[in-house]
Structure formats: structure tokens, C-alpha cells
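So that we are looking at the same thing, I have put the structure below in C-alpha cells.
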Amino acid sequence: MAYQNLTQSERKKQTIAIAVMFAFILPIVFMFVIFFSMAFFKDGSFTLENFSFVWGEMKLRDQTTIKSMLPALKNSVVFTFGVTSSEVVISMLAGYALSRLRFVGRKTIQTSLLVLRMFPTLLLLIAVLYVLMALHIVNTLKGVVFVALAFRLPGSTFIIKNFFDAIPRDIENSTLVDGCTRFSGFRQVIIYLVKPGIVSIAVFSFLSAWSNFILFNTLLFGNKTPVVATYIRALTRNEQMIAPYSVIAAMGIVYMIPVITFFVITQKQLMEGNIGGGKGTV
Amino acid sequence: MIEINNLKKVFDHNVVALEKFNLRIEDGQFIALLGPSGCGKSTTLNCLAGLLDPTEGTILFDGKDVTKAVPKDRNIGMVFQSYALYPHLSVLDNIAFPLKQKGVSKEERYGKAREVANKLQIAHLLDRKPAQLSGGQQQRVALCRAIVKEPKILLLDEPMSNLDARLKIEIREVIKSIQQELGVTAILVTHDQEEAMALADKIAILDGGEIQQYNTPDMLYECPNNLFVANFMGNPPMNFLHATMLDATHFSLGGVPLRCAMKLDTELAGKQVKLGIRAHHMSFVFEQDEDHPLSMQVRLVENLGKELLVYGTVGNDGLRISYHDKSRYEQLKALAKHKGYVYLCLGTSYNVFEMPGGRNCVLF
Amino acid sequence: MQGKNLQGYVFLSPFLILISIFYIAPAILTIVMSFSNLDGSFIWEFVGFENYGKIFKDPNTFLILRNTVLYIVVSMCIIVVLDLFIATLTTYFIRSDGWASFFKSIIMIPLITPSVVYSVLWIWYLDASDSGFINNFIRLFKNDFISVNWIAKYPFQVIILAQVVVSLAYGAIIFSSAIRSIPENQFKAAHVDGASEWEIVKTIIIPNIQPHIKFIIMWETLGLMTNYLNILLITNGGPLNRTEVWALSAYHKAFIDQQYGYGAAISVLLILVVFMIMLLWMFASKTRVESEE
């Protein structure tokens, strides 16, 4: 509904509602803005010194040294890229098969998707650790990629399957009549029709992979393969902060730049209501 | 020539869509598959296209068995009910799409696409996306795409059901002229008898997965095999009057004995029948006399411009009669208001359907 | 038919392989483990129901159970009420799309903030030391204010608050798109009939989005029940188990104490509860569909 079409009283109510919402979000905004702005100050003056961990070692006042974030950043990028790209491809193949192909066991897999999607995966980590050991991929980034994929695939397959379901049969038949095979029709036509679905899977996959902490915390140990999440966590144990808040805020900013960028680009997608899952659902 | 032999299609949960389906289509003919929804007409078309695998039976194109062939090896073009244009491609790319699949060079396929688009008067739309087109324009694009690769067979799956009445007539002309120009064999699936009549050389009327009658539109209209066909063809629909045969040549209608004007192929004495009479084959007079003993109560009269359409009842049967003398409009209106009577003449051309069963017993 | 089966499974194979090895197998293994006393030395020894017995004998179990229920119920009530509040304000009262999506984006910021950073924000906010934000803030107005260690003093309130702020976005967006799909005519008719805004919320908005409310209640319950991440990062269950919840205790037993078997048993019990809720919800949504037909 267009703004200018509102009646006098509707406009008044809208103004009040905007004021109420402002009051509501103010503490949250306040909290984030003040925290992150600390990153740019040291001893009361503006500086970028707090960011020096990005390119090299950083000496703190109490003479502790913080290692460079670069290896952790690299691992996080590799992990996120691996998970997101594989998740999109694998869930598309599976979602297409479940939506369009007929085979024995299709119904069973469809139903189990629903259960697997809501299953509390975090409670399986104990056994997952054991499986990784048995396969000799424990404490490797590769192992965590597999686990993250397995945990996320039911949800993303479910989402993309719904997008495939919404494609009219006629379009698919039309590609066949026009001389495509199932595969070339998929590549030339169908894939464009599920583009919004692909974007939404990619967004959630990226956010979840990049921000993930618990999988690394439980499945990677001995600091052999640091990622950004465990790197920051190591400096912010509950009991005491090893680094000053200003440095942590700077790390937070570095960590969140890709997230915010992605968020701004794909905001519309996120708002449309097909959110894949809450925070931390791995 | 297309031959469909003993085709049978059973869907999941044992839903039988087609049973013992046989059809022969000569080259260059325009065939319509006509019937109510669920009669198996779309199933037949999809089997012809190779989009469905028949459970039993064979399909031959020019004597070659294509029952198992995939759609792309059948040399067919198809227009879908929803047009099924590819939304991410421009109109030009949509039309050129089938040629691209054949590996035709870019220049050649765009040239061909432009040529076809010109023929269907959509050359000015080539740069647009399908979403920017009206329904009629989308229809033309779909038609272009179907014929661009010069297929042997053109399949049309209810192509006009989403268009308004005026556009329907327009597209109808386009389809017919294109089909004649290309000499392509066309098969149209529709539930609209008027569309089928207007386009087809021959119509197959389907019901319950079986062909009820396969003949020229004229034969279907004048000599329907059975009650179902008679019911389906023609607008206004055929009038049906319950009657009882008294002997080989007489029946009783509403208690009035009348001579049957038609020759019947069997002896029906004592049996229930339904007389099927077209609205324009019957008439009435305003005064009862010896030749017009049967009375009809007038209910309503409509002025259609070129003629009057009179609604009335005989017993429990409703009738529609075309009446050409428009000067009687006011008189009929007055009759309708007072529920007055007119007196029927059944004419000399009608059908006699044996009840129950509905077989047409007239010897043509 | 044989070929078609094959085609389907070719498409599904990467999915099925990953899911079977890293999802289904661990699920089964968790159950098997719960009957063993597997620990850091990784020697399998089956002990029957001993782990389950141990859970009931543990003196902390009752405290943890109480924490879990309280945490779920209180958080969920606040979340659902606030979600309705936000969705109604940003969808029904605020008709300008620009403002509505502005507020919704702000509310999504905590959700997209990585938990590791998000938890530090709260720790900093409530820190007892000189750098703690709240303490400093109060000191602006009251010079002699003595710093309070908020997390130590009100750990339970803190984790609920932190979790609520994160969870708001999901439900608010679901509700908001549900409200948007209510036909505008219903509101117009109610206005013509002279209904007040509160009555409109009560008799049009809430009944119309009831299925979504049920879904969010179920979804948030499952989430709160099984997702211990924020608690782990902010209080780690402490102080003195005051914020230890069921799922977190499974984590602690397994990964801190290395009692894998015992941790698995705690998980299995929780999974059973989760399954019951899921069945209940499936049953409820099924009967709803049937009654609509």
C-alpha cells in the first residue's frame, strides 16, 4: 500500500508506531554501535592500530602476543566456500530428483527430510566425533566440511525442492519437445527458474558456514586448524578477556564485513520469509 | 501417417486414462481430440509427444514405431495450454530455442526465427521478455516456437483456453492458416466444441478413455453415434424429448402419438427413446391443428439479433428453438409472461436414441 | 522402470552418502553409545541402562531440568509476544515499506552476528570491570555507583535476554509475511464496523496467523531446547550450574569430562522429547488441514 494513500488517522498511527519501534530498537543499535566504534580508538584518539592483527603479530600492553588472523581467515574462507558451493550443488541435484523424478523410495525420503530438517543435530556431535575418528578425518577441515554439509543438506534440499515443485510441468515438457534432454533442459532453462531458491540457499549456507563455531569447537582441537570463530573465542574466554575489548571489536568488524556485505546484497531474499533456520542450527 | 494402436495408459493408483485406443491420422490433416476434462485427450497427446510412456500399445509415425522414442527424436512441435515460454529468454531466443538444440548456427536460427515471427506478425516484439507480452502475443510466440523447426506434427494442448472470446477467434484463424501453409499434421486437444468444429478436418470425441466417434465435424453434428456425442456438439445444444416407440414407425410424445419421420435400423416397439432435435430443425405454430397436436409451454424468449431463441417445456423436457420471424417477438414475450402455449413441428431431421444406452438408431 | 530408479538415485547419491555417514550413522551411534561407558580412551564396554540410572541419581539433574523448563518457557513467551508486537507494528501500523524493512533489518542484525562476537558484546555490556558498558553508563549519573558483576549476579536473566534478542527476527518476519497475506478487505470491513485497533489485532490478525504462531512456538521450543550455543559462550552454564541446561550438560559431560557414553544418554533423552514435540506438531497440523477440508 502506497504511503500517500493513507488517511489522516492512518498516518498518525504510523507515526506513533515508528516512534515506538525506534524506542524498541534503540538499545540494540546502541549496544552494537558503541561496541564496534571502540575498534577505532586507543587511549581516546582515533587509530587503526587495533586492526594490526590482520597482517601480522600484535603485541598487547601486558606483553602477550596475538598471532596473526591470516591463517584463520584463510581456513574460514576455504571452509565457507567449500560448504556453500557443495551445498548448493548437492541440494539442487537432490531437490530436483525428489521433485521431478519418480523412483522407489521417493516418498520415504521426502518424509524423512521433514524430520531431519528439525532434528537437533547439535546433540549428535559426540557420535560425529567418533565417526570422524573411524574415517581418519578427525581434526581436519575436510571432516568439518562433510559434517556441516550433512547437517544442513536436509533443510536446503527441502527449500530447493519447493522451488522445483513450483515450476510448471508445461515448461519442462516444452524443453523436451524442443529437443532438450532432461539434463540440457535443466542447464538451459530449469536452473534459471529456481534462481531465487539457489540464492536463498547460498545466503543461508554462507551465513551459517562463516559464523559457525560449535562444529570447530568440538571437532577441531589442538589449535592445528584455526578459523576466525575459534581464533576470536580463544581470546575471549568467559572467565577473562585476553585482549582488550577494542581489539576484539576490531576483530568482530573484520569477521563481520563479509556477513554485512552479503546481508545488504541479499536483504530482500532474507526478508521474504523463507529463512532456513535459526541461529546456530549449524 | 500417424497410427495409434490399442493404446492403454494406467496411472498410479490404477487410474485408467486410456483403454483400447485406436486412431489413424492422415498426413496434413487437422485433427481435434474433443471431450470433457478427464476423458483422456491430454493423455493421448502426451503419449504422442513422448512425454508419457503408454502402459500398452504402439504409436507409429509413418510406419515407424516411436512408442519408446524420446520427444526430441519425434520431430514434433507443441503448443502448451500455459504457453510455457522460457521467462529468462527474450522472445527471439524463445523462438530460436528448438533450433539451438539441433545445433543450428546462430545466424541461421535467428534468421529462421525472424522469418516465422514475421509470418505471425510479432516481429516488433522480438526483444521483449515473455512477461512483457499479452496473452495473445504469448500464444503467437509459443506457436512460432512450435513451428520454427518445421516439425512433421504439430500438437496443440488446449492452446486457446486462456484467451478471451475475441482473441480466440483471431488465434484460430492464425493457427488454421499456418497449418495449411506448412501442410503439417496438427492435433488439437480441446474441450470447446466450437473451436474443434472451426479448425478440424476430423474430430475424435472422447469420453472415459474411449473414442465415442471419429469423423468430420459435419457428420458429428448431423449424425451423432450416440447421446454423448449429440450432447457435446452444437450450440445451442441439441434438444432431447422423452418418447415411447409404439411400433416401427410411430412414437408417443407426451401422450400424443406421432409418426416417426426417420428410418430406424432396428425394431424398437415398446421401448423408451429420446428424440434429439437441433434448435434450428424444429419450429412451431401459434394455433393448434391436426398437423401440430403437440403443445409446448413458452417460458422465455431471447432476441439474438439475427433470430429469436425460444425456451419452453414439453412435459419435463426443456427445449430451445430458433425462430426466424422476428416480428413475433412481442407476441412471444406476451406468451412467455402468461405461460401460454405454442404447437410444435418436429421437422424431418432428428435423431432417435435408444434408452438406456443412448445409441442412435437412425439409419442414415 | 529400472532405469528410472537408477536415474533418481544417481541424482540423490551425494546427498544420501553424506547424510548416511555424517548424520544417520551418528544418530544411531548416539543411541548405541548411550548404553556404553565410552570415554576418552575409546574402549567400548556396554553397561546396559547404567548411564540412564546415573542421570536420575545425579543431584544436579533436578536443577538442570528446572533451568531448562524455565529457560524455554520464559524465553518462548517473551519471544512470541514481542514477535507479534513487532510484526503488527511493522506490517499493519507502518504501511511504508521503507520504514518497515528498515526496522526488520535492524532486528536481523543480532541474528546474523556470529555467536562468538555476539556473546562478547553481552559480556562487554555487562562486564564488572571498568570497561563494562552498563556499569560505566550508570556511573555517568551516579558517581558513587559500585560496579556490579551483572552476569554473575543475574546469569539466568542475562542468557534469556541474549537469546530473546537473537531469536526475535525469525518469528517477526514469519508473522509479518503472514499478516501481509491477510486480505485488506477484512481490515476495511472491520473499520467500517467500527472496530478499535486492539479489536482488529485480537479478532483479525491473531486468528488469521494462528497456524504461524503454532509453528513458531514449536520451532522456538525445539530451538531453545537443543541450542545451547549462547549459554555456552556467555555463562558456560555457570556460575555453579545456575544456567546449565539439559543440552549443554550433554556437551559438558561429553567434551569436557570426556564421558561420551553418559553424554550420549543425556542426548538420547532429549532427542526423545524432541521427537514427541515433532509428532505432536505434525499431528496438530494434520488435523488442522483435515478440518479445513
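These numbers were taken from a predicted model, which means no experiment stands behind them.
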| task | Could you tell me which portion of B/K102 (side chain, backbone, both or neither) has an atom closer than 4.5 angstrom to a non-hydrogen atom of chain A? | result | neither

| remark: So the ring-ring contact (aromatic ring centres under 6.0 Å, His included) pairs with at least one residue in residues 91-117 of chain B (sequence neighbours excluded) are B/Y86-B/F97

| task | Grab the two heavy atoms, one from A/C180 and one from B/K72, that are nearest each other, plus how far apart they are. | result | O-CD, 3.9 Å

| task | Measure A/T175 against the heavy atoms of chain B and call it side chain, backbone, both or neither at under 4.5 Å. | result | both

| request: Please assess A/K195 against B/H88 for the test side-chain contact (heavy atoms from CB on, under 4.5 Å), listing each intermediate value before the final yes or no. | output: CA-CA 10 Å; A/K195 221 161 139 195; B/H88 64 293; over 6 Å; no

| query | Looking at B/R145 and A/S174, what are the two nearest heavy atoms and their distance? | reply |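 Looks like NH2-OG, 2.8 Å.
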
| What distance do B/L85 atom CG and A/D170 atom CG have between them, rounded to the nearest 0.5 Å? |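 Reported value, rounded in 0.5 Å steps: 10.5 Å.
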
| ring-ring contact (aromatic ring centres under 6.0 Å, His included) involving A/F213 - partner list, sequence neighbours excluded | none

| Which heavy-atom pair separates B/I76 from A/V177 by the least distance, and what is that distance? |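 Residues B/I76 and A/V177, closest heavy atoms: O-CG1, 3.7 Å.
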
| Shortest non-hydrogen contact from A/G179 toward B/K149 |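 Shortest heavy-atom contact: N-NZ, 4.4 Å.
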
| said: Less than 4.5 Å apart, side chain to side chain, heavy atoms only: is that true for B/P71 and A/N173? | reply: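 Not in contact.
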
| said: Which atoms of A/E172 are under 4.5 Å from chain B, going by heavy atoms: the side chain, the backbone, both sets, or neither? | reply: neither

| How about B/D127: does its CG atom have over 12 heavy atoms from other parts shown lying under 6.0 Å from it? |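 Check fails, neighbour count at 12 or below.
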
